[in-house]
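What follows is a set of notes on a single structure, which appears directly below.
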2 protein chains.
Amino acid sequence: MAVSEKEHAQKNIKTFKVIQSEVESIKRVALSVDCVIFGFDENKLKVLLIRSDSKKFKSKWSLLGDLVRPEEDLDASAYRILKQRTGLSDVYLEQVHTFGEVNRHPAGRVVTVAYCSLINIEHYRLKILDHELHWHDVENIKDLAFDHQKIFERCYSWLQKRVQEHPLGLNLLPSKFSLRELQNLYEAILNIKLDRRNFRKKFFAMDFLVDLEEEEEDVPHRPGKLYKFDYEKYEMKKKTWSGIDF
Amino acid sequence: MAVSEKEHAQKNIKTFKVIQSEVESIKRVALSVDCVIFGFDENKLKVLLIRSDSKKFKSKWSLLGDLVRPEEDLDASAYRILKQRTGLSDVYLEQVHTFGEVNRHPAGRVVTVAYCSLINIEHYRLKILDHELHWHDVENIKDLAFDHQKIFERCYSWLQKRVQEHPLGLNLLPSKFSLRELQNLYEAILNIKLDRRNFRKKFFAMDFLVDLEEEEEDVPHRPGKLYKFDYEKYEMKKKTWSGIDF
DNA sequence: AAATAATGTGTTTATTTTACACTAACTAAA
DNA sequence: TTTAGTTAGTGTAAAATAAACACATTATTT
């Protein structure tokens, strides 16, 4: 390393000390959370969006976000946003990625942390409709406000990968579901066709499905059996879990 | 949803508008980056640490971090920290997770974004030794300053998973390496024993190793062939890549 | 009663993964 | 120079896993 580089480095290392003693006087950035909320309805994977109210992105759709409050844990921010928008509080939620480009937001430096949430769309019936809050097919998501397209795409990829490692997808279904519904869900998320018999075999082999000894009703064909997911058993085996592999 | 809840929600939705127009007046948080820098030496996986200079955590070890500058992209912060500390700029670096608990830092609200970096330890010879910068065996990492233990553990788990999806590990080796070195590396990262023949078979089948027609020197036993990694070929096949699977 | 639509079920084949042992090449010590 | 020690290099058989695939059953609709 050249001498000048080394001096530069050491100067910067001094800067680092500031973090210990002078946080209060340090220049800060605005921090927000954006939630990518997935739902599943009519055999399609959906995402919840609102109209952007920024001037620059008027008429474009955007993710659900808000600033993180100074006295609020980061995860708590995400749960708060979900609660505000959907009324749901006991939901699946996970942090995905933080987006921190200087110019990502037109109003100034805002670093945003993206969270993914999976909710059962039936528990949530669009009671709050501000900003034209609506479900959109993930297939047709394009041209979102800010850098939300990028955030959305990252979360969607994350989801596709994640459902193959853990059976998260079940958070998108009602508590009682048929195997067809389950397969439709996976096909919608992964955007592929699966062999019905092998799919069943695989899920039964996992041994997380409980036969409820009930059947579907009001279907225009032979009704399928209903199952529920055994979360407890899953939590037990989770440690040694290594994926689903479709 | 109860009426009062709904009103509360709508009030909060108004708050959200602030983000668009009043970022400058919004209360902000200090944002930092912490780097978990892995190296590989003497068949052991290492991580780079410095002495904490905070009063509270005096004498404890900590990760390498600094505040994000107001005019600096988040990723750029991480590269800057690496450059300052190691002198290296062309390194593997990836964001892992953001830690945003209110009380994680004794000096105030500091949200930190953790990055993982993998460097070839031979390219970096501890030229800058401020704060007792040193390599530590990952085996013995305990009781770090702040919440750095948690951050470290998350990054280590991340690495163990990630090297099974992509051959990142090669960033830890010299550009010429033997298959034994490669296997030692994977064994150190994953902390398991691997079958030598199957390991070789698997790596050759991937078809990313180029036989350099050279041999090891100065080893007290039969020298092994040297290989390099074909990054170009890897980049080509990356899209359809689905993991290594040890 | 006939047409339609989805359920439920097993076997065979192909692919992938695992387990496993000997000879060759080189060094170091006797 | 012989011998002991260490790692390199190589293939096959068995086991486990994944993929492909068809038909009788149960319900609804017309």
Side-chain angles (χ1 to χ4, degrees), chain A residues 40 42-44 161 163-165 167 173-174 176-188 190-228 237 240-246, chain B residues 40 42-44 163-165 167 173-174 176-188 190 192-228 237 240-246:
Chain A
F40 181 64
E42 294 166 329
N43 287 343
K44 283 182 177 163
K161 189 175 156 200
V163 293
Q164 301 191 50
E165 298 167 341
L173 290 179
K176 298 177 182 188
F177 51 86
S178 68
L179 273 172
R180 175 178 36 79
E181 290 173 302
L182 187 58
Q183 182 171 347
N184 286 342
L185 171 66
Y186 274 87
E187 290 182 340
L190 300 174
N191 203 26
I192 53 174
K193 275 287 175 199
L194 297 168
D195 179 273
R196 195 161 54 92
R197 277 182 287 186
N198 292 337
F199 180 86
R200 288 166 163 262
K201 210 187 307 176
K202 196 161 294 189
F203 254 95
F204 286 134
M206 284 183 222
D207 202 28
F208 295 140
L209 297 183
V210 182
D211 186 340
L212 291 169
E213 316 266 357
E214 293 179 63
E215 290 190 334
E216 288 180 297
E217 280 172 24
D218 304 318
V219 286
H221 52 74
R222 173 176 174 181
K225 284 185 173 181
L226 292 176
Y227 298 85
K228 69 169 183 175
K237 294 199 190 173
T240 55
W241 186 253
S242 66
I244 298 176
D245 243 359
F246 292 104
Chain B
F40 181 64
E42 295 167 329
N43 287 343
K44 284 182 174 160
V163 294
Q164 301 190 51
E165 297 167 341
L173 290 179
K176 298 177 180 185
F177 51 85
S178 68
L179 273 173
R180 175 178 36 82
E181 291 173 304
L182 186 59
Q183 183 172 345
N184 286 342
L185 171 67
Y186 274 88
E187 290 183 340
L190 300 174
I192 52 173
K193 275 288 174 197
L194 297 168
D195 180 273
R196 195 159 55 92
R197 276 182 289 188
N198 292 336
F199 180 85
R200 288 166 163 261
K201 209 188 305 176
K202 197 160 290 186
F203 254 95
F204 287 133
M206 283 183 221
D207 203 27
F208 295 139
L209 296 184
V210 182
D211 185 340
L212 291 169
E213 316 266 356
E214 292 177 65
E215 292 190 335
E216 288 179 297
E217 281 170 25
D218 304 317
V219 285
H221 53 75
R222 174 173 172 180
K225 283 186 174 182
L226 292 175
Y227 297 85
K228 67 170 186 177
K237 294 197 188 171
T240 55
W241 185 253
S242 66
I244 299 175
D245 244 358
F246 292 104

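When the side-chain nitrogen and oxygen atoms of A:Arg197 are compared with OP1 and OP2 of C:dG8, none of them lie within a distance under 4.0 Å. For the pair B:Arg180 and D:dA8, the criterion of a side-chain N or O lying under 4.0 Å from OP1 or OP2 is met.
In the set C:dA19, C:dT27, D:dA20, D:dA20 carries the atom at the smallest distance from any side-chain atom of A:Lys201. Listed nucleotides: D:dG9, C:dT18, D:dT6. Nearest to the side chain of B:Lys202: C:dT18. Proximity note for A:His221 (side chain, C-beta onward) versus C:dT9, C:dA6, C:dT18: the nearest is C:dA6.
The distance from atom CG of B:Asn198 to atom C1' of C:dC20 is 9 Å, rounded to the nearest whole Å. Taking atom CD of B:Glu181 as the reference point, atom C1' of D:dT7 lies 13 Å away to the nearest angstrom. Rounded to whole angstrom, the span from the CE atom of B:Met206 across to the P atom of C:dT16 amounts to 14 Å. Atom CG in A:Asp195 sits about 14 Å away from atom C1' in C:dT12, given to the nearest Å. Taking atom CD of A:Glu216 as the reference point, atom C1' of C:dA6 lies 9 Å away to the nearest angstrom. For A:Glu217 and D:dT28, the CD to P distance is 10 Å, given to the nearest whole Å. Straight-line distance from the CZ atom of B:Phe199 to the C1' atom of C:dC20: 18 Å, rounded to whole Å. Between A:Leu194 atom CG and D:dA20 atom P there is a gap of 11 Å when expressed in whole angstrom units.
Within the nucleic acid shown, B:Lys225 comes within 4.0 Å of sugar-phosphate atoms alone, with no base atom in reach, counting heavy atoms only. Nucleic acid contact class of A:Asp245 (heavy atoms, under 4.0 Å, all strands): sugar-phosphate only.
Sparse packing is recorded around NZ of B:Lys176, with 12 or fewer heavy atoms of other residues, nucleotides or ligands lying under 6.0 Å away.
Aromatic ring pairs are classed by plane angle as parallel below 30°, tilted from 30° to 60° and perpendicular above 60°; the pair A:Phe199 and A:Phe246 is parallel.
Nearest heavy atoms, A:Leu179 versus A:Leu209: CD2-CD1, 3.9 Å.
For A:Phe40 and A:Phe177, the ring centers are positioned 6.0 Å apart or more.
Checked by distance alone, B:Arg222 brings no side-chain donor or acceptor within 3.5 Å of a matching partner on the base of D:dT6.
In this structure, B:Arg180 and B:Val219 have side chains that are in contact, with non-hydrogen atoms separated by less than 4.5 Å.
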